[in-house]
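A short write-up of the structure that comes next.
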Amino acid sequence: MNNFKNLRGTVDLLPEQLVKWQNVEKILVEQLSRASIKEIRTPILEMTELFIRGIGEGTDVVAKEMYTFLDRGERSCTLRPEGTASVARALIQSGISSKPPQKLWYMGPMFRYERPQAGRQRQFHQLGVEFIGYQSVRSDIEIITLAWDILAKLGIKELNLEINTLGDIDDRSNFQKSFLNWLEINKNFLDLDSQKRINKNPLRILDSKNVQTREILKEAPKLLDFLSEKSLERYSTLKKQLAMLKIPFVQNYNLVRGLDYYTHTAFEITSGSLGSQATVCGGGRYDGLIEQMGGPKIPAIGFAIGLERLILLAGQELEISRKTDIYIINQGLQAEPLALELSRKLRRYDLLVELDLTGASFSKQFKKANKLKSKSIIIVGDDEANKKEFVIKLFDKVNSESKEETISIKNESILEKWIQNNLL
RNA sequence: GCGGGCGUCGCCAAGUGGUUAAGGCAGCGGCUUGUGGCGCCGCUAUUCGGGGGUUCGAAUCCCCUCGCUCGCCCCA
């Protein structure tokens, strides 16, 4: 068949699909800027080491999903599998300690080498939001409500919010000691994947989907029992306030999320209509990350929304594109340059103007204008060009009658009036 | 990395061993070089994802391979 195909797990977004993407993106950006969150753009390509350190060696993302290669200078580079590490890097690099707390967002492609399936691609897109330098539980609440409201603004129904707390770094390491102990004793009852994780990423075992493992885990030490007073109080404030804001949530003690750097709040928003890849938004607090990456000790919290999954959930009303305002039918040596000039003039009124370039017969051009459901048409042929005028017609879908007017090419005020009366 | 399903025109498809591989949509051309949504007519796959085999004969049967897709794992 054809010579070239896109790489597995990548997709082309054709104009028809992009209508919805652009509508969704517009709403997203609007919502974010209303919340006074500023955009940040970082490179898609980073040193491999950044992700190993930032995400964690034991994670699946780093262990088996990264697009890594050597560049011509023999440096190991990786296409970013997520956005947080890059943002943290950019902030540290630009002198974070001398800046006030920041609320940031980014949007763009991410890369993970996995088997594609519904709602999962190798190149996919995320919207990420990061609040850097905020410690209070109020920032957790704003982050969660923000994610929730964005999804609501897009008309997405039937979402489930799950939350959990992982405690601070001390809580976690106390728990981990005891949990590791228990794991060693009960090792043989665990599934193979979980056994492998004991040394690499023990917390992830909590999230195992294996039925037998889940059963045994009921006997394991609970993270909740290792939380300090302070951590517990923080968590209960979070829950109280979410309830006050009427945001429904479910506690999921097994929600630990895949990446190493989370502390305290972890959350996930899922939808039943997405199939097996149900998560549309995942996030949490990562107070240790910036320090772990060589920066100062600065707390932060964030989330990421998967845009492909978001598009899947967003309603059909977002698939509607802007209609053509004026379709310019033209043919003939004198007429064509005139039509071109006219199209430029009309676009200054912020109208969507399509100039027919086919040179096809007038009836064909009419059919094309019809098919596009253009609100109006302008006809310029050599007759008009000689008389220095053109015909403008309003398409009336209800009656088959149409309003028609002949306007001199020089008389811009009549044209302007016509546009104001009929198109604006 | 491991399972299941599927590959016939740009898209949706019929065809399940016998001469030229239906049909619909879209596209292009015409009826009608200059005035509308309709209609009618015509054109568009030497070939069925690719390779090999069985057979007088294969899109149809067998083997291999590639791709897509859904699921497992994991995540957005």
Side-chain angles (χ1 to χ4, degrees), chain A residues 1-2 5-9 11 14 16 55 58-65 80-84 107-128 147 151 191-194 196-197 201 204 207-211 213 255-259 268-271 274-283 302-313 327 329-332 335 358-374 376-385 390-402 404:
Chain A
M1 291 249 71
N2 275 336
K5 290 193 75 184
N6 61 319
L7 288 171
R8 162 176 273 198
V11 292
L14 302 174
E16 307 87 75
I55 301 171
T59 59
D60 284 2
V61 170
V62 170
K64 54 181 201 195
E65 295 169 4
R80 64 180 185 195
E82 54 99 55
T84 305
M107 188 154 59
M110 306 291 164
F111 302 83
R112 265 126 91 157
Y113 192 93
E114 296 179 90
R115 279 293 273 281
Q117 69 187 71
R120 175 196 283 164
Q121 294 162 196
R122 288 183 175 180
Q123 178 180 343
F124 62 104
H125 300 260
Q126 280 187 342
L127 163 71
L151 297 169
D191 62 282
L192 273 175
D193 275 341
S194 293
K196 275 186 224 152
R197 276 200 263 264
N201 193 359
R204 279 279 305 106
D207 203 17
S208 171
K209 303 289 185 292
N210 184 283
V211 185
T213 299
L255 179 66
V256 292
R257 310 209 45 69
L259 315 180
E268 198 165 295
I269 301 174
T270 59
S271 164
L274 278 175
S276 81
Q277 304 305 317
T279 306
V280 63
C281 174
F303 67 76
I305 288 177
L307 292 184
E308 279 77 8
R309 293 177 190 178
L310 189 64
I311 299 283
L312 247 32
L313 293 171
Y327 192 96
I329 291 173
N330 64 108
Q331 196 194 57
T358 60
S361 70
F362 278 75
S363 65
K364 277 275 186 287
Q365 294 192 38
F366 265 100
K367 278 183 182 152
K368 189 84 182 292
N370 269 317
K371 192 155 264 179
L372 285 174
K373 298 195 166 72
S374 178
S376 68
I377 52 175
I378 281 178
I379 301 118
V380 194
D382 280 342
D383 288 355
E384 286 84 358
F390 57 88
V391 176
I392 190 161
K393 266 182 163 183
L394 194 69
F395 267 15
D396 191 337
K397 311 125 223 156
V398 188
N399 315 309
S400 51
E401 287 169 28
S402 57
E404 179 171 334

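Below, read A as the first sequence line, B as the second, and so on, with proteins coming before strands; counting in each chain starts at 1. Reckoned from all heavy atoms, side chains included, excluding hydrogens, waters and symmetry mates.
Between A/Lys368 atom NZ and B/rG36 atom P the separation is 18 Å, expressed in whole Å. Counting to the nearest Å, the C1' atom of B/rU35 and the NZ atom of A/Lys364 are 14 Å from each other. Following rounding to the nearest Å, A/Lys393 (NZ) and B/rG37 (P) show an atom-to-atom distance of 11 Å. Distance, A/Glu268 CD to B/rC74 P: 12 Å, rounded to whole Å. We find that CZ of A/Phe362 is positioned 16 Å from P of B/rC31, with the value rounded to whole Å.
Atom name P, nucleotides B/rC43 and B/rG34: the rounded distance is 23 Å, in whole Å. B/rA14 and B/rG51: their C1' atoms are spaced 27 Å apart (whole Å). One C1' atom belongs to B/rG24, the other to B/rU44, and the distance between them is 15 Å to the nearest Å. For the C1' atoms, the distance linking B/rG7 with B/rA59 amounts to 11 Å, nearest Å. Distance noted for atom C1' between B/rU19 and B/rA58: 14 Å (whole Å). Taking atom C1' in both B/rA45 and B/rU20, the straight-line distance is 13 Å, to the nearest Å. B/rU16 sits 26 Å from B/rG53 when the P atoms are compared, rounded to a whole Å. B/rA13 sits 10 Å from B/rA22 when the C1' atoms are compared, rounded to a whole Å.
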Next item on the list: For A/Phe390 and A/Asn330, run side chain to side chain contact (heavy atoms under 4.5 Å, CB included): C-alpha distance rounded to whole Å, both residues' side-chain angles, the deciding distance at 0.1 Å, then the answer.
Entry: CA-CA 10 Å; A/Phe390 57 88; A/Asn330 64 108; over 6 Å; no
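Annotation: salt bridge (charged side-chain N to carboxylate O under 4.0 Å, His left out) contacts of A/Glu268 (sequence neighbours excluded): A/Arg257. Judged as a side chain to side chain contact (heavy atoms under 4.5 Å, CB included), and not counting sequence neighbours, the contacts of A/Gln277 are A/Gln117, A/Arg120, A/Arg309. With sequence neighbours left out, A/Glu82 forms a salt bridge (charged side-chain N to carboxylate O under 4.0 Å, His left out) with no residue at all. Legend: residues meeting side chain to side chain contact (heavy atoms under 4.5 Å, CB included) with A/Arg8, ordered by chain and number and at least two apart, are A/Arg115, A/Pro116, A/Arg122. Residues satisfying the side chain to side chain contact (heavy atoms under 4.5 Å, CB included) test with A/Ile311, not counting sequence neighbours, are A/Lys20, A/Trp21, A/Val24.
Residues A/His125 and A/Asn6 both approach RNA chain B. Their nearest nucleotides, taken by heavy-atom distance, put A/Asn6 toward the 5′ side.
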Nucleotide N/O of nucleotides 69-73 of chain B paired with protein N/O under 3.5 Å:
| residue | atom | partner | partner atom | Å |
| --- | --- | --- | --- | --- |
| B/rC70 | OP2 | A/Ala118 | N | 3.1 |
| B/rC72 | OP2 | A/Ser276 | OG | 2.8 |
| B/rC73 | N4 | A/Gln117 | OE1 | 3.4 |
| B/rC73 | N4 | A/Arg120 | NH1 | 2.8 |
| B/rC73 | N4 | A/Arg120 | NH2 | 2.6 |

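Between A/Ser363 and the phosphate of B/rG34, there is a side-chain N or O to OP1/OP2 separation shorter than 4.0 Å. Here A/Lys371 reaches the OP1 or OP2 of B/rG27: one of its side-chain N or O atoms lies under 4.0 Å away. OP1 or OP2 of B/rG34 lies within a sub-4.0 Å distance of a side-chain N or O belonging to A/Ser361.
Applying the Watson-Crick and G-U wobble criteria (two distances, each under 3.5 Å), B/rU46 pairs with nothing in any strand. B/rG29 is paired with B/rC41 under the Watson-Crick or G-U wobble criterion, all donor-acceptor distances under 3.5 Å.
Donor-acceptor pairing under 3.5 Å, judged by distance alone, is present between the side chain of A/Glu384 and the base of B/rG34.
Among the nucleotides B/rG67, B/rU35, B/rG37, the one closest to any side-chain atom of A/Lys367 is B/rG37. Closest to the side chain of A/Asn370, out of B/rG30, B/rG37, B/rG27, is B/rG37.
Nucleic acid contact for A/Gly381: base, since at least one base atom lies under 4.0 Å from a heavy atom of the residue. Across all strands shown, A/Gln121 has heavy atoms under 4.0 Å from base atoms, whether or not it also approaches the sugar-phosphate.
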